[in-house]
Amino acid sequence: MTDSLAAAYDPHQYEDKLYDFWMKHKVFRAERDPSRKPYTILMPPPNVTSQLHMGHGTGYTMQDILIRWKRMSGYNALWLPGTDHAGIATQMMVEKSLAAEGKTRHDLGREAFTKKLVEWKDKYGGMILSQFRSMGFSCDWDRLAYTMDPQLSHAVRKIFVDLFNEGLIYRGERLVNWDPALKTAVSDDELDNQEIQGHLYHLIYPIDGSDETITVATTRPETMFGDTAVAVNPDDERYKHLVGKQVRLPLVDRLIPIVADSYVKSEFGTGAVKITPAHDPNDFELGKRHDLPRIDVMTDAATMNDKVPERFRGMARFVARKEVIRAFRELELLAKEEPYKTTVPISERSKEIIEPRLSLQWYVNMRAMAAPAIEAAKDGRLNFFPDLWKKTYLHWLENIQDWCISRQLWWGHRIPIWYCGKCQGASSGMTDPTVCSHCGSSDLKQDEDVLDTWFSSWLWPISPFGWPEDSADLEYFYPTDVLVTAPEIIFLWVARMVMVGLKTRGEVPFRDVFLTPTVCDKQGRKFSKTLGNGIDPMEVIAKYGTDAVRFTAVQLAPIGGRTRMSAEDFEAGGRFVNKLWNASRFLLGYIKPGQKLAPLNPEAIGLSGMWLLNELAAAADRMEKSLTNYRINDATDHVYHLIWGSFCDWGLETAKSVLMGSDEKAKEQTLSLLVYVLDGILRLANPIMPFVTEEIWQKLPHHPNWDRPVSLAVAKFPQADKLPQFPDAAAKWATVQALIADIRSARSQSGIPPKTVLQAHVRASVELSALFTAASTDICRLASLSEVRANPTMERPGQCLAAVGRGYEAFIPAAGIVDIAKERARLSSEITRINKILGGIEGKLANANFTDRAPPEVLEQTRGQRDNMRFQLDSLKRNLETLT
RNA sequence: GGGCGGAUAGCUCAGCCGGUAGAGCAGUACCCUUACAAGGUACGGGUCGCAGGUUCGAGCCCUGUUCCGCCCACCA
């Protein structure tokens, strides 16, 4: 590190070096330490194969801000990093690369394919972790976990076996959401719905032994081969006489019953529904009620199987659809074909239309586990920020369905179930069984499927800490403090972690759940790969630096809902970082190498100094409140205003007269003040902008009133109640600032060039006059004046600019330089404006309803406003009269 | 079809317990004032989606409504 700061901040010169510095000093490391309170955040594990996007950029930066803030506040802060093997997503990527060579996973076989996946993961996986480094994330890398690590896999096995032994895991034949492209079941939560323009076909089914027919409506005629009934509403007069009769199913010539079920809505379509229990969830349920057979008519690739007439076999389902309709038309059994909008489920991963498919899958019974998770949210052990998401969470848990955990994939934790070839029984256990637990046969074969990825993710709060062992880490770090994640995985992940946490540890895994906003483009569209509308954080980092990206991403993120961003937005962050850099550079320029700073002495720093200290304390207070309530975007605003507004625009500008003057004693005090405040600022800003603040801080001499550890990352976070505060002095200085602003405004509006040196004559009370006189040096400097005079009987000069504020009138002699017409116009418009406001206030005060019913403090405040407005109005009017 | 959220300045968003509408960016004018022109000072800009209601007083509370977004859902 060099001794002085370069003229402009170049983030890339420092960032890597600083990260190495932090790693070297292990500032992110969190070891068990019973003497300190832990503060723990679980990093939502990104997919091994994913790339950093702005969603991570904002969400994870927020976590880093919280962690860094708590770390500086004395907590033993642990941000636990990790990655997720992401079953379907990862397998798909490798299958895609195989497909490019014209191969499928079946050509390789399970073992070779899995090996390839591991290779692929080692090569491309974890790239996102190095990107996290670039983002400056302060996680404890020594604890990096991966959902397929031996320890975590052990935990997966353990929870499976436990639930299996409790009878909460069971195997069932159900309709699953079958993805015919990936050839696997996917969960309800992995679907998208898409509205498509389809057709509603009216098919005529002849009644057996009669000339009558019954017409059914369907959007998926190809499933008619699997029809095992026709259903009507029991109260439907049109069909009452047909219930119990049989339909001769066209094309297949099979007899199926007509049944009555209240599920059928008479007013929809024809009021008669074909029932295909093997291909439709409703029909499945209805079939169960009426004990209907289930005929699966498709293969795992959604082509027609051998249960259909020869001529349709092997056809893809949508080809078959056309052919079935053609056949019905030829038989004159197609009553109608109408355009129809319908929504179809699409697989999130493959984008293929889901085919409901009958299959044997493993399920977890969720009801029992849901109850405690509901209770925890209701009784306040679990809190949501913003709170509205609690409803979403509760609604899902209260209507929870059993969880299908088997996936027909090869990448993931293989289901620890062995089937007996003899008795067909299923066995499980912590070690691979050698004999069937039911009949003792050794003819065992392991289930081919793997577990849903979320079946390992839901253990994230416990497995990296050593569960199922009752480890010291688990004891110390569990429960964690807050989970920060995206709202779309409340069901998939958050709720399940709560359930398993309560089940295994009896405590919620985290007290708070903070849901981050969805990051969208300027048109409000979610970032997506297909649209290509995303912002690559690495690109904007290259352009503006990490601190700028972190600052802007968080500043733009509202508390709930969504945020709209464009790459250009980050420029503002870059400017802000540079501003801080330059301000620091300026200040450091006044400090000689090895110079010792004087302790802070409030007696010697004047009103402006006390005001500045007050600003620091106020900002610290606001920061603390904002961060505590996860109002992280507010925290960025506080830092921004403290640095730009308070420190640069006022603090440094005021200090310049001392710094550039010759009073060495005063200079010493001012430097002490400014370094003290800058040190405090760097601390407050460090969680948001860790790099630039650390770099500056390392150059900053040690101030005796602050602690000085090796890194800013572990320096004390300023606490408002422990900082010097001077509310009275600050209020006085605020009045001086108002006077300065008034003078600047009058000058600017009158078009008097900044170079023209002016004087100010101020008429004000004795106290205010004393204040202005004492501050005259500062006022002169900041308002470009040569002289300020103030007393209660100050006379109005003949030709002058005038400004009026609360309790004072400022006159600026301007004979010969002021454009009288312009100034009169300015005063007139000001009079009009004040008159309008005054009119409103007076009207209010004349209203008996208001004066009778408004609370006294409001009344008093309103009267004060009126008096002030009257004072200003009088002054303005007199000025207008005098100005000729 | 249900549930939830949003609509405030050109843009992105604040706005507490109802008490004269705010910030940043963008814009305009004037300034290269010795940290920073990625800067300074000043200024302009809003019927708070629409319509009612409650209230002395509504961006805020109530009712209805429109538009956007998200989530859930089995209407063939």
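Chain letters run A, B, ... following the sequence lines, proteins first, then strands; residues in each count from 1. Just so it is clear, the structure is predicted and the values come from calculations on it, not from any experiment.
The phosphate of B:rC25 has neither OP1 nor OP2 within less than 4.0 Å of any side-chain N or O from A:R564. Remark: A:R747 is not in phosphate contact with B:rA42, judged by side-chain N or O atoms under 4.0 Å from OP1 or OP2. An OP1 or OP2 oxygen of B:rC75 is reached within less than 4.0 angstrom by no side-chain nitrogen or oxygen of A:Y340. The phosphate of B:rA35 has OP1 or OP2 within less than 4.0 Å of a side-chain N or O from A:K656. The phosphate of B:rC43 has OP1 or OP2 within less than 4.0 Å of a side-chain N or O from A:S745.
A:M224 comes within 4.0 angstrom of no nucleic acid atom, judged by non-hydrogen atoms across all strands. Using a 4.0 Å heavy-atom distance criterion, A:L556 is classed as a sugar-phosphate-only contact. Among the protein residues, A:A572 comes within range of no part of the nucleic acid, since none of its heavy atoms lies under 4.0 Å from any strand. Residue A:N578 is in base contact, counting any heavy-atom pair closer than 4.0 Å across all strands shown. In this structure, A:V264 reaches the bases: a heavy-atom distance under 4.0 Å links it to at least one base atom across the strands shown. Using a 4.0 Å heavy-atom distance criterion, A:F576 is classed as making no nucleic acid contact. Counting any heavy atom pair closer than 4.0 Å across all strands shown, A:D283 reaches no nucleic acid atom. Looking at heavy-atom distances under 4.0 Å, A:R631 makes contact with sugar-phosphate atoms alone, never a base. Nucleic acid contact for A:K755: sugar-phosphate only, since backbone atoms but no base atoms lie under 4.0 Å from a heavy atom of the residue. A:C520 comes within contact range of no nucleotide atom at all, as no heavy-atom separation falls under 4.0 Å. Residue-level contact check: A:T563 touches the backbone only, with heavy atoms under 4.0 Å from sugar-phosphate atoms and none from bases.
Of the candidates B:rA35, B:rA14, B:rA42, B:rA42 carries the atom nearest the A:Q749 side chain, counting heavy atoms from C-beta on. Among the nucleotides B:rA35, B:rA14, B:rA76, the one closest to the side chain of A:T219 is B:rA76. Side-chain atoms of A:Y590 lie closest to B:rA35 of the nucleotides B:rA42, B:rA35, B:rA26. Counting only heavy atoms from C-beta on, A:K265 has its side chain closest to B:rA76 among B:rU20, B:rA76, B:rG39. Among the nucleotides B:rC4, B:rA26, B:rA42, the one closest to any side-chain atom of A:L388 is B:rC4. Nearest to the side chain of A:N282, among B:rC74, B:rA38, B:rC43, sits B:rC74. Nearest nucleotide to the side chain of A:M869, out of B:rA23, B:rU20, B:rG39: B:rU20. Here the side chain of A:R744 is nearest to one of B:rU41, B:rA35, B:rC71, namely B:rU41. Comparing B:rC72, B:rA35, B:rA76 by their nearest atom to the side chain of A:H395 picks out B:rC72.
B:rA26: no Watson-Crick or G-U partner with both key distances under 3.5 Å is found in any strand. A 3.5 Å limit on both hydrogen-bonding distances identifies no Watson-Crick or G-U partner for B:rC16. When both pairing distances are held under 3.5 Å, B:rC61 makes a Watson-Crick or G-U pair with B:rG53. Using N1 to N3 plus N6-O4 or O6-N4 for Watson-Crick, or N1-O2 and O6-N3 for G-U wobble, each under 3.5 Å, B:rC4 pairs with B:rG69. In a base pair of the Watson-Crick type (N1 to N3 plus N6-O4 or O6-N4) or a G-U wobble (N1-O2 and O6-N3), with each distance short of 3.5 Å, B:rC48 is matched with no nucleotide.
Judged by the 6.0 Å distance and 45° axis criteria, A:K656 is positioned over the aromatic ring of A:F586.
Annotation: the span from A:I400 atom CD1 to A:I374 atom CD1 amounts to 7.5 Å, rounded to 0.5 Å. To the nearest 0.5 Å, atoms CG (A:L175) and CD (A:E285) are separated by 8.5 Å.
What separates CZ of A:F284 from P of B:rC74 is a distance of 15 Å, to the nearest Å. The CZ atom of A:R781 sits 12 Å away from the P atom of B:rU41 (whole-angstrom rounding). If you measure from atom CD1 of A:I490 to atom C1' of B:rC4, you get 11 Å, rounded to the nearest angstrom. Here the P atom of nucleotide B:rG19 and the CD atom of A:Q865 are 12 Å apart, to the nearest Å. Going from atom CD1 of A:I354 over to atom C1' of B:rC74 covers 16 Å, rounded to whole Å. Distance NE2 (A:H638) to P (B:rC13): 18 Å, rounded to an integer number of Å. Following rounding to the nearest Å, A:R174 (CZ) and B:rC74 (P) show an atom-to-atom distance of 14 Å. Taking atom NZ of A:K391 as the reference point, atom P of B:rG2 lies 17 Å away to the nearest angstrom.
Taking atom P in both B:rU20 and B:rC16, the straight-line distance is 12 Å, to the nearest Å. For the C1' atoms, the distance linking B:rA9 with B:rG49 amounts to 15 Å, nearest Å. A gap of 37 Å separates the P atoms of B:rG22 and B:rG3, to the nearest Å. The same atom, P, is picked in B:rA58 and in B:rC48; the two are 12 Å apart, to the nearest Å. For the C1' atom pair drawn from B:rA26 and B:rU63, the interatomic distance equals 39 Å after rounding to whole Å. Using C1' as the reference atom, B:rA14 and B:rC25 are 14 Å apart when rounded to the nearest Å. Across the C1' atoms, B:rC67 and B:rG24 are found 27 Å apart, a figure rounded to whole Å. Using C1' as the reference atom, B:rA76 and B:rG52 are 42 Å apart when rounded to the nearest Å.
Where A:I740 and A:Q555 meet RNA chain B, the nucleotide closest to each residue was compared, and A:Q555 sits on the side nearer the 5' end. Each of A:M565 and A:W644 was assigned the nucleotide of RNA chain B with the nearest heavy atom; the assignment lying further toward the 5' end belongs to A:M565.
At distances below 3.5 Å, at least one donor-acceptor pair connects side-chain atoms of A:K390 with backbone N or O atoms of A:A377. Side chain of A:R747 to backbone of A:L801: no donor-acceptor contact under 3.5 angstrom is found.
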* Run the numbers on A:Y9 and A:W581 for ring-ring contact (aromatic ring centres under 6.0 Å, His included), then give the verdict. => CA-CA 6 Å; A:Y9 180 61; A:W581 179 263; 4.8 Å; yes
* To do: Go through the steps for A:T276 and A:D227 under the test side chain to side chain donor-acceptor pair (under 3.5 Å), then give the verdict.
  => CA-CA 4 Å; A:T276 324; A:D227 285 3; 2.7 Å; yes
* To do: Using the ring-ring contact (aromatic ring centres under 6.0 Å, His included) rule, take A:F385 and A:Y630 through it: C-alpha gap first, then chi angles, then the decisive distance, then the call.
  => CA-CA 7 Å; A:F385 295 84; A:Y630 304 107; 4.7 Å; yes
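No hydrogens or angles were tested; on distance alone, a donor-acceptor pair under 3.5 Å links the side chain of A:E653 to the base of B:rA35.
The minimum heavy-atom distance linking A:A260 with A:H290 is given by the pair O-CE1, 3.1 Å. Considering every non-hydrogen atom in both A:A217 and A:T270, the closest pair reads N-OG1, 3.9 Å.
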